[in-house]
> 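I'd like to ask you about the structure that follows.
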Protein chains: 2
Amino acid sequence: MKQISTRFSIAVHILSLIAVSPGDCTGDYIAGSVNTNPVVVRRIMGMLKKAGLVDVRPGVGGASLRKRPDEITLLNVYRAVDVIEGNQLFRLHEAPNPVCPVGRNIESVLQSELKEAQTAMEQRLSQTHLGQLIERFT
Amino acid sequence: MKQISTRFSIAVHILSLIAVSPGDCTGDYIAGSVNTNPVVVRRIMGMLKKAGLVDVRPGVGGASLRKRPDEITLLNVYRAVDVIEGNQLFRLHEAPNPVCPVGRNIESVLQSELKEAQTAMEQRLSQTHLGQLIERFT
DNA sequence: CTTTGTTATAACCATAACGGTTATAACAAG
DNA sequence: CTTGTTATAACCGTTATGGTTATAACAAAG
């Protein structure tokens with residue numbers, strides 16, 4: 001991966017729209033604001049639904065939040081859209097040579113060290129919630 | 001991206017090997033410890049060289065560090081192997097609809113917020129240096 | 001000068017993620 | 001029954017990735 005997928009930023013966009021104009025949030029309307037295909041939007045809304053963040057029903061247009069905006073953190077969204085694999089931001093090369101002291105230990109050493117870096121990032125994501133963002137969409 | 005490329009973890013592996021057994025660090029030897037193809041190793045060593053971390057010369061086998069292990073942080077390595085694009089971990093969807101208040105502002109709002117999360121991660125990477133790692137390869 | 005072991009790099013390939021697109025089915029309300 | 005919607009499968013072009021082969025250039029030893 002060169003970059004984390006736009007699914008994340010699109011998901012934040014979607015949730016912001018629902019928070020701001022709960023009335024008209026059909027897939028097509030949202031797609032118009034995001035500037036992408038409605039199917040892309042619905043795919044992501046399906047993930048947000050599965051994560052318990054939004055309420056969408058087949059057939060009936062419009063979506064609604066299942067939590068208050070200040071209860072939805074960026075980390076919640078990030079997790080919902082399944083944007084990194086197996087909750088491991090860093091991929092490690094596999095099966096280094098166990099005969100070599102470096103090869104034998106690098107996996108566990110890096111694992112713990114990189115996990116801390118990942119946690120620092122996620123911890124920062126958890127400090128921002130949707131409520132703070134929509135204040136800035138005036 | 002689902003995950004950050006193994007180039008990063010392989011680069012740390014390479015640098016650790018050079019720090020620990022400076023003598024025999026040919027591309028083939030390193031590839032044996034990493035358990036991959038020598039060309040993959042040399043590609044990454046080329047990046048480390050370009051970043052000024054390592055000294056390698058065509059023809060002559062063996063590599064050496066250009067800085068002390070405690071002067072090489074994980075962030076230096078991470079930057080050297082060019083593992084994320086344009087120094088932006090998070091990719092944003094482009095050209096949201098400027099007519100919509102959300103579409104008009106989401107880019108800048110997310111940009112600043114996500115940059116902070118990214119910085120938190122990188123800041124943590126910068127706190128660990130190669131010297132600390134090789135202590136743990138006993 | 002030639003041989004040997006190396007670095008450097010281009011080229012190619014299979015795999016997978018991504019985001020867009022079309023098509024089809026199912027559902028709800030008027 | 002019609003209309004507008006959600007849900008989802010299927011396909012496609014683009015790109016990153018990591019492995020592989022091949023070729024050139026270089027340096028040291030003989």
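Proteins get letters first, then strands, A, B, ... in listed order; numbering begins at 1 in each.
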> Between C1' on C/dC18 and CD1 on A/I84, what's the gap in Å once rounded to a whole number?
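To the nearest whole Å, that distance equals 17 Å.
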> Measure CD1/B/I30 against C1'/C/dT6 and give the value in whole Å, please.
12 Å
> Dump the intermediate steps for salt bridge (Lys or Arg N to Asp or Glu O under 4.0 Å) on A/E71 and A/R66, then the final yes or no.
CA-CA 10 Å; A/E71 291 172 330; A/R66 294 199 54 188; over 6 Å; no
> How many Å lie between CD on B/E85 and C1' on D/dA16, as a whole number?
10 Å
> Of the residues in residues 43-66 of chain A, which ones touch DNA chain D at a heavy-atom distance under 4.0 Å?
A/R43, A/K49, A/V56, A/R57, A/P58, A/G59, A/V60, A/G61, A/G62
> Between B/V39 and B/M47, is there a shared hydrophobic cluster once you connect ILVMFWY residues whose side-chain heavy atoms come closer than 4.5 Å?
no
> Let's see if you can work this out: which of C/dA17, C/dA10, C/dG19 has an atom nearest to the side-chain heavy atoms of B/V39?
C/dA10
> Could you state the NZ-C1' distance from B/K2 to C/dT15, rounded to the nearest angstrom?
15 Å
> Does A/E85 have any salt bridge (Lys or Arg N to Asp or Glu O under 4.0 Å) partners at least two apart in sequence or in another chain, and if so, which?
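If we apply the salt bridge (Lys or Arg N to Asp or Glu O under 4.0 Å) test to A/E85, skipping adjacent residues, there are no hits.
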> Does any pair with a residue in residues 35-61 of chain A pass side chain to side chain donor-acceptor pair (under 3.5 Å), and if so which ones, sequence neighbours excluded?
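Qualifying pairs: A/D28-A/R42.
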> Provide the full list of ring pair (Phe, Tyr, Trp, His ring centres under 6.0 Å) pairs with a residue in residues 87-119 of chain B, sequence neighbours left out, each pair given once.
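As it turns out, the ring pair (Phe, Tyr, Trp, His ring centres under 6.0 Å) pairs with a partner in residues 87-119 of chain B, which skip direct neighbours, are A/F8-B/F90, A/H13-B/H93.
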> On DNA chain C, check which nucleotide each of B/R91 and B/D28 is closest to and give me the residue with the more 5' one.
B/D28
> For the pair made of CZ in B/R42 and P in D/dA22, what is the distance, rounded to whole Å?
15 Å
> Do the side chains of A/V56 and A/L65 join up, straight or via other hydrophobic residues, at under 4.5 Å, putting them in one cluster?
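The answer is yes; both residues are in one hydrophobic cluster.
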> With side chain to side chain donor-acceptor pair (under 3.5 Å) as the criterion, how do A/Q111 and A/E107 come out once you've worked through the C-alpha distance, each side chain's angles and the decisive distance to 0.1 Å?
CA-CA 6 Å; A/Q111 193 61 257; A/E107 207 152 354; 6.0 Å; no
> Rounding to a whole Å, what distance do you find between B/D82:CG and D/dT15:C1'?
15 Å
> So do the side chains of A/L125 and B/L114 get within less than 4.5 Å of each other, counting heavy atoms only?
yes
> How close or far is atom P of C/dT9 from atom CG of B/N37, stated in whole angstroms?
16 Å
> Among residues 3-14 of chain A, which contact DNA chain C at a heavy-atom distance under 4.0 Å?
A/S5, A/T6, A/R7
> Does A/E122 have any salt bridge (Lys or Arg N to Asp or Glu O under 4.0 Å) partners at least two apart in sequence or in another chain, and if so, which?
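Salt bridge (Lys or Arg N to Asp or Glu O under 4.0 Å) check on A/E122 returns A/R79.
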